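Presented below is the structure to which this report refers.
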2 protein chains.
Amino acid sequence: MTENQRNEFKKLADLYRSELLDNVMPFWMKHSIDTECGGYFSCLNRDGAVYDTDKFIWLQGREVWMLSTLYNKVEKRQDWLDAAIQGGEFLKKYGHDGNYNWYFSLTREGKPIVDPYNIFSYTFAVMAFGQLFLATGNKEYAEIAKTTFDIVLSKADNTKGKWNKLHPGTRPLKNFALPMILCNLALEIEELLEPEFLQKTIDTCISEVEQFVRPELDGLVVENIGVDGSLVDCYEGRHMNPGHSIEAMWFMMDLGRRLNRPELIERAKNTAIRMVEYGWDKEFGGIFYFMDLKGYPPQELEWDQKLWWVHIETLICMLKGYNLTGDEHCWEWFKKVHDYAWTHFADKEHPEWFGYLNRRGEVLLPLKGGKWKGCFHVPRGMFQCWKVLEELASK
Amino acid sequence: MTENQRNEFKKLADLYRSELLDNVMPFWMKHSIDTECGGYFSCLNRDGAVYDTDKFIWLQGREVWMLSTLYNKVEKRQDWLDAAIQGGEFLKKYGHDGNYNWYFSLTREGKPIVDPYNIFSYTFAVMAFGQLFLATGNKEYAEIAKTTFDIVLSKADNTKGKWNKLHPGTRPLKNFALPMILCNLALEIEELLEPEFLQKTIDTCISEVEQFVRPELDGLVVENIGVDGSLVDCYEGRHMNPGHSIEAMWFMMDLGRRLNRPELIERAKNTAIRMVEYGWDKEFGGIFYFMDLKGYPPQELEWDQKLWWVHIETLICMLKGYNLTGDEHCWEWFKKVHDYAWTHFADKEHPEWFGYLNRRGEVLLPLKGGKWKGCFHVPRGMFQCWKVLEELASK
C-alpha cells in the first residue's frame, strides 16, 4: 500500500469516527431519551425536536443495541450504559405481552397500540438484550434474548401468525428478510447458543439466503421466491430491494470471516457489486429503493426514492468487500456512494442525517427520526466504516 | 347565463363524453377482458399490454359496476352488458369464500391469493351486483348485493376482523372511509333496501361523515378521529387525504339533492373548497396525496405525489358544487384542476390516463392500470362531468 492510500484510509476512518462520536450519538443522547416515561423518542425533527411520542419496538430495540454495542466495543461510557439500561428496562416492562410476544408499537407511557404481528420487533429485541447482557452481565437480559430467539425460530414458517393475509396453499412464497436477519442475529448472540445449534442455524440461514441469489439472472437478488425455490412472476416474486440484498451481503461476509470461508465472502462480494450496479440511478445518482425484476411498474409508489439506510449499508458492504477481497470495484463503488451520501444525506446545519430523498436527491421529509428511522443505521454505519477503514489503514 | 357560458359548458360536456366513449371505454373493452378465464385484467401498460394477471376484487367489482352503469344510464349496448355479466359471473364463482366473504385478490384462474381482510372488496361487490341487477333484472345478483351489504354493516365496528393489528382499547379510532363509501352505496342499491332502513342508514352515515369535518380547524377534514369524536395527536389522527374528503363531499351533495337538503349541499361544497385550497401544491400545481394536519412528516413516503383519482374526483365535486350552488369558487377550481389534469394525466399517445405522477407532475409509473387503478375513476369521472356539464348547458 502506498503512503497516499494509507493516509486516505486514515482520513476517512477519522471522518466516520468523528461523525459517530461528535455528531450522531450526541444527537440521540440529547434528544431521544425519554427521562419521564423511559424508552426513547424516535420521531425527531431536523433539529431534534420531538414531533410524535409513540414508541416503535423496532427502534426501541435497535437503540438499546446501538448504545450497548458502543459501550462494549468503543468505550465504557457510563452515559451510554445508563441510556441502554433504561431503554432495556422499558422494553422489558412494556414491550411484550408477558410471554415475549413483542408489540409493534406503544404509547409514550408503554401501553400497546399495535399488536405483535411483526417478527422484526422480536429480532430487534433479541439483538437489544443480547448486547445489553454483554454490557451488564445481567443474566435476565440473556434469558430474554434466548427465549425470544427461540420464539423467532418457532415462527419462521408463518411469521405473521393470525395476521397473515395470504391464503394458504395457492401461491406459497418465502421471503428473504428473516434468514437474512438471522445471519446477523446468530453472530450477535453466539455466546448464548450451543455451538452445535449455532452452527446448524448459521448453515441453514446461509443456504436459505443464497437461494434468493439467482444464477439464471446473473446473480441478481429477489425478495421472494416460491417455497420450491423457483422464481414466481407476480408482484411479490418480481420485487427487488437492492439496499436490502446489499446489507445481507455484508452479513454474509461477516459470517464468511468468522467461519473462515473465503468462497462465501467472494460470492457475497460479487452479489453486492451486481446489486449496486443494478440499483444505481444512472440519471440522478443514488440507489433506487425498490425495483421490478422485469422492469414493470412496482407496486410501491416510493420505489424511486433514495433512502439513507440503503446507501449506508452499501458503504459498509463495499468497504468490507474491499477489505476482505481487495476487489477494486468495491473501492470505486465505496467512493461513489460515499460522495453521494455525504452530499445528499448529511445535514450541514444540524446533526444526524436526512433519511428520505426524492429521486433527484432533494430532501423529501426533513425528519431525523420517525416510525422507521432511529438510532441505528447511521451510527451503526459510521461505526462499521470507521472500524474497517482503520483496519485498512493498519495493513 | 350568457351564450358564451352555455357554449363553454356544451364544449366541455362534449369533451368529457367523447373521452369516455371514444377513448377510455374502448381501451378497457379491448384490453381488460379475460376471454379465457373470465373477469378482467387490470395491470395494463401504457399501451394496454397486460403485465400481470392477478385479479384484485376491488377492481373486478368496480369494472362490473362501471359497465353496468353505462349500460343502465348511457346506452343499451350489448357488448357492455356481456362484459359486465362475464365479470359478475367470475366474481360470483371465485370472488368469495362461499359465504360472501370477499377475497382481496385471486390468481388469473380465480384461486384466492389474499384473504378477505379488506372491507372495500365487499363494498365494491355490493356496487357491482346492485348495478348488474338493474341491468339484467337477475334477482340472484340483487340477493348477492343485499346479503353482502348486510355483512358490511355487521362488520362496521371492526372491518378487518382477525387481521386487525390495533390493540383493543388503548387508542380506539374511527375511520372516515366506511361511512363515506356507505353514503354512496346506499343510493346505489336503494331499490333493494326497505325505505325506513335506507333512511336510517343514510342519516347515520351523514352524521358520521360530518364528524370528520372539524369546526375547530375551520372545516378541514381528517381521516381518523377518536371514537369519542375527538382529534387525536398521532400519525393516524393527523392524517389527511384531500382527494378522499373531496370525493366524499360529492357523495354528500348527491345525498343532499336526493333528500332535498340544500344546507347539506352547502356545507359539503364549503368543505370541498376548503380541502382543494388546502391540498393544492402552490409550487408545482396539483393536489397532494397525503398531508399531516400539523405539517409534520407524514408516514407515507408517497405523500407529495399527484394521483389521477384525486384530481378526477375533484373535477366531479367542483362541477356538482357549481351546478347545485352557483358558487363561482367551484367553477374557478374546476377550471384550474381541469387544466392540470388534462395537461398531466391525459396521455397524448395512447388511450386512458396516467395514474401516478411525482410532485413535479412527471409520470412516475407509466401504467394505465395496476393493483389499485382499473376501469373506474377515469370513466366514472368522465361520465359524471359530462352529465353535470350537460345539465349546466341546458339551464
Side-chain angles (χ1 to χ4, degrees), chain A residues 43 45-46 51-54 97 103-107 109 111-118 160-171 233-236 238 289 292 294-305 307 355-356 358-360 362 364-373, chain B residues 43 45-46 51-54 97 103-107 109 111-118 160-171 233-236 238 289 292 294-305 307 355-356 358-360 362 364-373:
Chain A
C43 298
N45 273 333
R46 185 177 177 187
Y51 65 85
D52 195 285
T53 58
D54 281 359
D97 67 355
Y103 296 118
F104 181 76
S105 64
L106 312 172
T107 62
E109 296 76 23
K111 287 189 207 141
I113 299 176
V114 175
D115 273 334
Y117 78 98
N118 188 299
K160 291 189 183 160
K162 71 159 183 158
W163 294 281
N164 188 353
K165 297 171 191 163
L166 278 186
H167 192 78
T170 304
R171 188 197 279 159
D233 188 7
C234 65
Y235 279 108
E236 295 73 23
R238 295 188 303 266
Y289 188 11
D292 182 284
K294 297 196 162 180
Y296 298 152
Q299 56 174 322
E300 298 77 13
L301 299 182
E302 64 273 32
W303 73 274
D304 68 348
Q305 296 178 7
L307 268 68
Y356 302 90
N358 66 17
R359 179 167 180 185
R360 291 170 180 260
E362 298 157 345
L364 176 77
L365 299 175
L367 59 80
K368 293 296 169 57
K371 188 170 171 179
W372 305 100
K373 183 177 191 286
Chain B
C43 297
N45 273 332
R46 186 178 176 187
Y51 65 86
D52 194 285
T53 58
D54 280 359
D97 67 353
Y103 295 118
F104 181 76
S105 63
L106 313 173
T107 62
E109 297 74 25
K111 287 188 206 140
I113 300 177
V114 175
D115 272 334
Y117 78 98
N118 187 298
K160 292 190 184 159
K162 72 161 181 156
W163 294 281
N164 189 353
K165 298 169 191 164
L166 279 186
H167 192 78
T170 304
R171 188 197 280 159
D233 189 6
C234 66
Y235 279 107
E236 295 73 22
R238 296 188 303 266
Y289 188 11
D292 182 284
K294 296 196 162 178
Y296 297 152
Q299 56 174 322
E300 298 79 13
L301 299 183
E302 65 272 30
W303 74 273
D304 69 348
Q305 296 178 8
L307 268 67
Y356 302 91
N358 66 19
R359 179 166 179 186
R360 291 169 180 258
E362 298 157 343
L364 176 76
L365 299 174
L367 60 80
K368 292 297 168 56
K371 189 171 171 179
W372 305 101
K373 182 176 190 288

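Quick note on labels: first sequence line is chain A, next is B, and so on, each numbered from 1. Here the structure is a predicted model, which means the values were calculated and not measured.
Between A:Tyr51 and B:Tyr235, the angle of the ring planes goes over 60°, which puts this pair in the perpendicular group of the 30/60° scheme. Taking the six-membered ring where the residue is Trp, B:Trp163 and B:Tyr117 present perpendicular rings, their angle passing 60° and hence far from 30°.
Contact tally against chain B (heavy-atom pairs below 4.5 Å) for A:Leu367, A:Asp54, A:Ile113, A:Leu166: the top residue is A:Ile113. Looking only at heavy-atom pairs under 4.5 Å with chain A, the residue among B:Asp52, B:Val114, B:Leu365, B:Asn118 that has the most is B:Asp52. Of all the listed residues (A:Gln299, A:Lys294, A:Arg360), the one sharing the greatest number of non-hydrogen pairs under 4.5 Å with chain B is A:Arg360. Residue with the most contacts toward chain A among B:Asp304, B:Thr170, B:Leu301: B:Leu301 (heavy-atom pairs, distance under 4.5 Å). In terms of heavy-atom pairs under 4.5 angstrom with chain B, the leader among A:Phe104, A:Tyr289, A:Tyr356 is A:Tyr356. Most heavy-atom pairs under 4.5 Å with chain B: of the set A:Glu302, A:Lys165, A:Gln305, this distinction falls to A:Lys165.
With a threshold of 4.5 angstrom between heavy atoms, B:Pro116 does not approach chain A through any atom at all. Contact of A:Glu109 with chain B is not made at all, since no heavy-atom distance falls under 4.5 Å. Contact of A:Trp372 with chain B is not made at all, since no heavy-atom distance falls under 4.5 Å. Using a 4.5 Å cut-off between heavy atoms, A:Asn164 touches chain B through its backbone atoms (N, CA, C, O) alone. Heavy atoms closer than 4.5 Å to chain A are found nowhere in B:Arg359, neither backbone nor side chain.
Considering all non-hydrogen atoms of both residues, B:Lys371 and B:Cys43 come closest at N-SG, 4.3 Å. Residue A:Pro168 comes nearest to B:Asp115 through the heavy atom pair CD-OD2, 4.2 Å, listed as atom of the first residue, atom of the second, then distance.
By the 6.0 Å contact criterion, NZ on A:Lys111 is open, its count of non-hydrogen atoms from other residues, nucleotides or ligands being 12 or less. Heavy-atom contacts from other residues, nucleotides or ligands closer than 6.0 Å to NZ of A:Lys160 number 12 or fewer.
Between B:Leu364 and A:Pro297 there is no side-chain heavy-atom pair separated by less than 4.5 Å.
With hydrogens and angles ignored, the 3.5 Å screen pairs a side-chain donor or acceptor of A:Lys368 with a backbone N or O of A:Arg46.
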